[in-house]
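We count residues from 1, following the sequence as given. Because the structure is a prediction, the values reported are computed rather than measured. Any value given below was found using the heavy atoms of this structure, including those in side chains, with hydrogens, waters and symmetry copies removed. Ligands are counted one by one from 1 in listed order, and the atoms in each one are counted from 1 as well.
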Amino acid sequence: MKPTLSPGSLGDYPQSMVRAHFNPMGTTALVTGASSGLGVGYAHALAERGADLVLVARRQDRLEALAVDLAEKYGATSTVIPLDLSLPDAVPQLVEDLRTRAISVGSLINCAGFGTYGNFVDADAQREMEQVAVNVGALTALTHAFLPDLLKTAISHPHGAALVNVASTAAFQPVPRMAVYGATKAYVLSFTQAIWYETRRTGLKVTTVCPGPVDTEFFDVALNHDAAFGRFLSVDEVMATTFDALDRVTTPLHSISGTQNAVLARFATLAPRRAVVTVTGRMSAPGRTG
Ligand SMILES: NC(=O)c1ccc[n+]([C@@H]2O[C@H](COP(=O)([O-])OP(=O)(O)OC[C@H]3O[C@@H](n4cnc5c(N)ncnc54)[C@H](OP(=O)(O)O)[C@@H]3O)[C@@H](O)[C@H]2O)c1
């Protein structure tokens, strides 16, 4: 016999559109890159939903100021851990530090990252390797170190555990003049989608967030604004995209901020690779505006 579903139950809607409020209340979320831009946005959004925070980046003064802000605004407790994630010992050090403090990580937001701009032949090799170390190495090591804790939290706090890895629309195609950056973000997208599948029946919410250009310090760090294409998003818009994804029963594998960015990412996925790299090569040319 067909089961009877009450109004408003899951049976009334397509499963992927149903809201399941992501509720990290009573858990601790670790946010990397919390000294600036999107990381600050994630820290606020998680504290607003009742999480305590572990804040990681190199600039301690900024992390401490953020911790005070989060305590005043939401009553959140933050643990500040200044750390250079490009260093090989950074993640083991962080894991040990949190173990000593008896802090269990319920959600992990891998947001720290940076890009460089220019033809690869002219690039500073050390800086490019740091980019791989932060965008890929640290993100992978952190995911591996904390995934068991996240899975335990998914059981103890249903709808309260998440893994959010921040990629970019750069993940969908090669990006001339940001060759290493595009490749690191393609890695983040592919890696996180695989983890999404492996953990799909555990209750852990896993997603990759792919913003287009956002109004943060990112392009100052990359020392060039020529690679930005289209309208700059606000940090709030990226937060809305992220938490819209986390609030769904079936968390999408990835979510793209901005309609134009979503259309371009789709084009990049479907069009011949040569055409795609030619277009992105023109778009990232020095001196181009708009
Ligand atoms: N803004 C954009 O247009 C855009 C678009 C798509 C994707 N994204 C991605 O979004 C993420 C956040 O970037 P954002 O836009 O918020 O840029 P941002 O304002 O420059 O913030 C980058 C964050 O990463 C941290 N970070 C960089 N290197 C680090 C290191 N070696 N060790 C520890 N932390 C490090 C920085 O902290 P410290 O300097 O204090 O260490 C900072 O908190 C990045 O992964 C970026 O690739 C940005």
Side-chain angles (χ1 to χ4, degrees), residues 30-45 53-66 80-91 93-94 108-117 126-142 164-173 175 178 180-189 191-192 208-239 241-242 254-258 260-262 264-265 284:
L30 191 165
V31 180
T32 70
S35 63
S36 170
L38 293 174
V40 175
Y42 282 117
H44 274 275
L53 275 302
V54 175
L55 306 173
V56 176
R58 289 167 301 183
R59 286 170 288 179
Q60 184 169 1
D61 54 335
R62 288 205 183 188
L63 298 180
E64 280 169 356
L66 176 61
V80 166
I81 304 189
L83 204 58
D84 184 344
L85 289 169
S86 72
L87 300 176
D89 285 346
V91 173
Q93 203 178 310
L94 176 57
L108 172 61
I109 318 297
N110 277 306
C111 187
F114 71 94
T116 54
Y117 179 86
Q126 174 74 18
R127 186 85 176 132
E128 298 302 297
M129 294 315 291
E130 280 172 16
Q131 199 178 163
V132 175
V134 176
N135 297 8
V136 171
L139 176 143
T140 308
L142 285 165
V164 176
N165 285 341
V166 179
S168 164
T169 46
F172 295 97
Q173 70 282 302
V175 188
M178 295 188 86
V180 171
Y181 182 71
T184 64
K185 294 303 181 180
Y187 173 95
V188 173
L189 179 63
F191 170 71
T192 313
T208 323
V209 177
C210 302
V214 193
D215 191 12
T216 66
E217 294 174 11
F218 178 85
F219 289 98
D220 301 328
V221 174
L223 298 177
N224 202 299
H225 289 247
D226 286 331
F229 176 79
R231 180 179 72 85
F232 270 78
L233 299 163
S234 67
V235 170
D236 284 350
E237 284 176 284
V238 181
M239 293 308 114
T241 304
T242 305
H254 68 262
S255 39
I256 300 171
S257 285
Q260 184 191 38
N261 293 326
L264 286 174
S284 67

(request) First locate atom OG1 of Thr208, then atom CD1 of Ile256, and finally report the distance between them rounded to the nearest 0.5 Å. (result)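 That separation rounds to 10.0 Å.
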(request) Would you confirm whether Ser234, through its side chain, and Glu237, through its main-chain N or O, come within 3.5 Å as a donor-acceptor pair? (result)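 Yes; at least one donor-acceptor contact below 3.5 Å.
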(message) Taking a cutoff of less than 4.0 Å between a non-hydrogen atom of the residue and any ligand atom, is Gly212 in contact with ligand 1?
(response)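 Gly212 counts as a contact of ligand 1 under the 4.0 Å cut-off.
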(request) Would you give the length of the straight line joining atom CD of Glu64 to atom CG of Leu66, rounded to the nearest 0.5 angstrom? (result)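 Atom-to-atom, Glu64:CD and Leu66:CG are 10.5 Å apart.
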(request) Please determine, by modelled atom types, if Gln131 and Thr184 share a side-chain donor-acceptor pair under 3.5 angstrom. (result)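 Their side chains do not contain a donor-acceptor pair, so the 3.5 Å distance test is not met.
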(message) Please work out, at 4.0 Å between heavy atoms, whether the side chain, the backbone, both, or neither of Asp84 comes within that distance of ligand 1.
(response)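 The answer is both.
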(request) Report the part of Tyr181 in contact with ligand 1, treating N, CA, C, O as backbone and CB onward as side chain, heavy atoms under 4.0 Å; options are side chain, backbone, both, neither. (result)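 Tyr181 to ligand 1: side-chain contact only, backbone stays beyond 4.0 Å.
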(message) Could you identify the single nearest non-hydrogen protein atom to atom 25 (C) of ligand 1 and state the distance to 0.1 Å?
(response)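 Here the closest protein heavy atom is Gly33 CA, 3.7 Å.
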(message) Check contact between Phe232 and ligand 1, using heavy atoms of the residue and a distance below 4.0 angstrom.
(response)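 Contact check Phe232 vs ligand 1: negative.
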(message) When you measure from the side chain of Tyr117 to the backbone of Phe219, do you find a donor-acceptor pair of N or O atoms at a distance under 3.5 Å?
(response)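 Not confirmed, Tyr117 side chain does not pair with Phe219 backbone.
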(request) Answer side chain, backbone, both or neither: which part of Leu83 comes under 4.0 Å from ligand 1, heavy atoms only. (result)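 Only the backbone of Leu83 comes within reach of ligand 1.
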(request) For ligand 1, indicate whether the residue Ala167 contacts it via side chain, backbone, both or neither (heavy-atom separation under 4.0 Å). (result)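 For Ala167, only backbone atoms sit under 4.0 Å from ligand 1.
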(message) If we set the cut-off at 4.0 Å for heavy atoms, which region of Lys185 has an atom near ligand 1: side chain, backbone, both, or neither?
(response)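 For Lys185, only side-chain atoms sit under 4.0 Å from ligand 1.
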(message) Students should be able to answer this: which protein heavy-atom is nearest to atom 11 (C) of ligand 1, and at what distance?
(response)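 Result: Cys111 O, 3.0 Å.
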(request) Without swapping roles, check the side chain of Asn165 against the backbone of Leu189 for a donor-acceptor pair under 3.5 Å. (result)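 No, Asn165 side chain to Leu189 backbone: no donor-acceptor pair under 3.5 Å.
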Could you pull out all donor-acceptor pairs under 3.5 Å where a side-chain atom in residues 30-38 meets a protein atom, sequence neighbours excluded?
{"unit_1": "Thr32", "atom_1": "OG1", "unit_2": "Cys111", "atom_2": "N", "d": "2.9"}
{"unit_1": "Thr32", "atom_1": "OG1", "unit_2": "Ala112", "atom_2": "N", "d": "2.9"}
{"unit_1": "Ser36", "atom_1": "OG", "unit_2": "Glu217", "atom_2": "OE1", "d": "3.4"}

(message) Among all the protein's non-hydrogen atoms, which is closest to atom 42 (C) of ligand 1, and how far away is it?
(response)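 Nearest protein contact, heavy atoms only, for atom 42 (C) of ligand 1 is Ser35 OG, 3.6 Å.
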(request) Look at atom 3 (O) of ligand 1 and find which of Val134, Val214, Val188 reaches it with the closest heavy atom. (result)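 Ranked by closest heavy atom to atom 3 (O) of ligand 1, first place is Val214.
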(message) Give me the residue, atom name and distance of the protein heavy atom closest to atom 14 (P) of ligand 1.
(response)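 Of every protein heavy atom, Thr216 OG1, 3.4 Å lies nearest to atom 14 (P) of ligand 1.
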